[in-house]
Amino acid sequence: MAQSQSARQTAETTVDVRATGHVRDALGTPRLSYTFEGDTLREFVEAFFAEYDVRDLVIAETAEESATRGWAPIDADDVPGSLRKNPDGEQTRAYARILVNGRFNETLDGFDTKLLDGDRVALVNPFMFCL
């Protein structure tokens, strides 16, 4: 049976992008509305970084870029919530993070996190976290 016309069409999602630090400087604005084809963080990232040259400010290409020397060791049992790392190619640089509605994408479904119209996606570099 042939797919219906609406099933073949790709969803379009509009999110509110917030940018800080180096990403804000590169974009020239701290916030913008962005519409892309799809409804996942992965599709947003692919489209946004194809249009705006800020991928290297956010995404780590190697394990060394996703961590930094001097981070204090932590006992994962003492940290509230779930600690999980995104797969290679989806990890952020040591001092950068991608948040969806104020939550780290790693604590959601990573790059498979579903996005809805009006969601807020923050591209943060530098990011500092203190316990």
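The structure displayed is predicted, hence computed values, not measured ones.
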Verify side-chain contact (heavy atoms from CB on, under 4.5 Å) between Ile98 and Ile59, making sure each step is shown before the conclusion.
CA-CA 9 Å; Ile98 299 174; Ile59 301 297; 4.1 Å; yes
If you apply the rule side-chain contact (heavy atoms from CB on, under 4.5 Å), what do you find for Lys114 with Asp109, and how did you get there?
CA-CA 8 Å; Lys114 292 285 186 192; Asp109 289 326; over 6 Å; no
How far apart are the C-alpha atoms of Val100 and Leu41, what are their side-chain angles, what is the distance that settles it, and do they pass the side-chain contact (heavy atoms from CB on, under 4.5 Å) test?
CA-CA 8 Å; Val100 176; Leu41 184 59; 4.2 Å; yes
Identify every side-chain donor-acceptor pair in residues 117-127 under 3.5 Å, counting partners at least two apart or on other chains, and give the distances.
from, atom 1, to, atom 2, distance (Å)
Asp117, OD1, Thr14, N, 2.8
Asp119, OD1, Asn101, ND2, 3.1
Asp119, OD2, Leu116, N, 2.8
Asn125, ND2, Leu57, O, 2.5

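Residues Thr40 and Phe111 fail the side-chain proximity criterion, which asks for heavy atoms closer than 4.5 Å. Residues Arg31 and Asp16 meet the side-chain proximity criterion, which asks for heavy atoms closer than 4.5 Å. Contact of the Phe36 side chain with the Glu43 side chain is registered, since non-hydrogen atoms from C-beta on lie closer than 4.5 Å. Phe44 places a side-chain heavy atom less than 4.5 Å from the side chain of Leu115.
The structure places OG1 of Thr113 at 9.0 Å from CD of Glu106, a figure rounded to the nearest 0.5 Å.
Not counting sequence neighbours, Arg24 has no partner by the salt bridge (charged side-chain N to carboxylate O under 4.0 Å, His left out) test.
Under the side chain to side chain contact (heavy atoms under 4.5 Å, CB included) rule, Val17 has a single partner from Val23, Leu32, Thr29, which is Leu32.
A side-chain hydrogen bond (donor to acceptor under 3.5 Å, both in side chains) check over residues 44-54, counting only residues at least two apart or in different chains, returns the pairs Tyr34-Glu51.
In terms of heavy-atom proximity, Leu27 sits nearest to Ala19 at CD1-CB, 3.7 Å.
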